[in-house]
Amino acid sequence: PPIPVASGTPAAPYPGPTARKATSAHEPPPNSRLHRALDRVDQSVEAVAEKAIAAIPVAGEIATDGPPSSAEPVNAAAFQDIGGLIPNDDPLVGVLDVRGTAQWQTWKYMLIGGLAAFLIGGMINAGFISFIGLILLGYLGVMAYRTYRGSIGNYYLGFTAQRVIVLPRDTSGWAQTQNAWVVPWNMVQRLRLTDRYVLLDIAAEGTTLSLGALVAPYGDGGLGSQPSWLPGSRIVHLIAEQGFETQNL
């Protein structure tokens, strides 16, 4: 699990897009051709993954505490799970229920490595190398399917005017507060929210979190029909105000 960041971390002023880019932990050295090449491969893999996500059917309804609601929740049970992680003077703007992985960067490396091993093994007629590639791809496929079904990788994403909160949940839906990330906005390196998925990169105190997740069609904790209330919601306006991406919303 990710190393948690103390919820009492003071919210530093938002530095703006220019300052954030200058301090990005993912910015490759300007003279490194290898880093630039890897970055292009990484972006290509992510672009393919995003197109695949947009093409897959929406997962089946996920059980909730009551009938799904299309109205934007303002005091759902999910708010209470996150509320204990933030100070009272920084109220929640909104919460999302998502299904994904906090090791999104690792998943992309596994996909690249698996494909490379499979192709190289075939080119040099080394069946063992190809077999290793198939194992990596098979493992990644199983993990992706379990995540898509909601068996693993359950998270609440909370947003306040000063902080972003990532709260993992176990298979029973219980919040794992000891593994929560609570960070000020200036520690967010990337945030892209669409009607289908969210990509979030956080860098704090020498550790990083790279979250790639699907927006659950029906949110747990009273969050209701998220695709219905998310467009034009307070969450979307807040993310746009902070200078990050929102698409199809």
May I ask whether Leu137 and Ile112 are part of the same hydrophobic cluster, defined by side-chain heavy atoms of I, L, V, M, F, W, Y residues being less than 4.5 angstrom apart, directly or through others?
yes

Nearest heavy atoms of Leu211 and Asp201, plus distance in Å:
N-OD1, 4.4 Å

To the nearest 0.5 angstrom, please state how far the CG atom of Asp170 sits from the CD atom of Gln176.
5.0 Å

Go through the steps for Val215 and Arg196 under the test side-chain contact (heavy atoms from CB on, under 4.5 Å), then give the verdict.
CA-CA 5 Å; Val215 176; Arg196 296 296 301 275; over 6 Å; no

Show the nearest heavy-atom pair for residues Ala216 and Gln226, with the distance to one decimal.
O-NE2, 2.6 Å

Looking at CD of Gln103 and CH2 of Trp107, how far apart are the two atoms once the value is rounded to the nearest 0.5 Å?
10.0 Å

For the pair Tyr155 and Leu167, evaluate side-chain contact (heavy atoms from CB on, under 4.5 Å) and give the outcome as yes or no after the intermediate values.
CA-CA 5 Å; Tyr155 298 87; Leu167 179 59; over 6 Å; no

In terms of hydrophobic clustering (I, L, V, M, F, W, Y; side-chain heavy atoms under 4.5 Å; direct or indirect links), are Leu238 and Ile235 co-clustered?
yes

With a 4.0 Å cut-off on N to O distance, would you call Arg169 and Asp220 a salt bridge?
yes

With hydrophobic residues grouped by side-chain heavy-atom distances under 4.5 Å, do Ile132 and Met143 end up in a single group?
no

Does Leu214 reach the side chain of Val98, with side-chain heavy atoms less than 4.5 Å apart?
no

Looking only at non-hydrogen atoms, find the nearest pair between Leu230 and Val236 and report the distance.
O-CG2, 3.2 Å

Measure the spacing between CD of Gln162 and CD1 of Ile86 and express it to the nearest 0.5 Å.
10.0 Å

Can you name the nearest heavy-atom pair linking Leu96 to Leu223, along with the distance?
C-CD1, 3.9 Å

Got a second to check how far Leu199's CG is from Gln105's CD, nearest 0.5 Å?
10.5 Å

Quick one: do Leu115 and Ile135 end up in the same hydrophobic cluster if we chain Ile, Leu, Val, Met, Phe, Trp and Tyr together by side-chain heavy atoms under 4.5 Å apart?
no

Can you name the closest pair of heavy atoms from Ala180 and Pro168 and give their distance?
CA-CD, 4.0 Å

With side-chain contact (heavy atoms from CB on, under 4.5 Å) as the test, would you mind laying out the steps for Leu92 and Val95 before giving the verdict?
CA-CA 8 Å; Leu92 276 168; Val95 178; 4.0 Å; yes

In Å and rounded to the nearest 0.5 Å, what is the CG to OG1 distance from Leu193 to Thr246?
7.0 Å

So Met110 and Tyr139, do their side chains get closer than 4.5 Å, heavy atoms only?
yes

At what distance, to the nearest 0.5 angstrom, does CD1 of Ile82 lie from OG1 of Thr160?
10.0 Å

Check Arg163 against Val182 and note the closest heavy-atom contact, atom names and distance.
CD-CG1, 3.9 Å

I'd like to know if the side chain of Trp181 and the backbone of Val164 have a donor-acceptor N/O pair within less than 3.5 Å.
no

Could you check if a side-chain atom of Ile165 sits within less than 4.5 angstrom of a side-chain atom of Phe159, using non-hydrogen atoms only?
no

Give the C-alpha distance, both sets of side-chain angles, the deciding distance and a yes or no for side-chain contact (heavy atoms from CB on, under 4.5 Å) between Leu157 and Val198.
CA-CA 10 Å; Leu157 292 185; Val198 59; 3.8 Å; yes

Would you say Val93 ends up clustered with Phe244 if hydrophobic residues are merged whenever their side chains have heavy atoms under 4.5 Å apart, either directly or through other cluster members?
yes

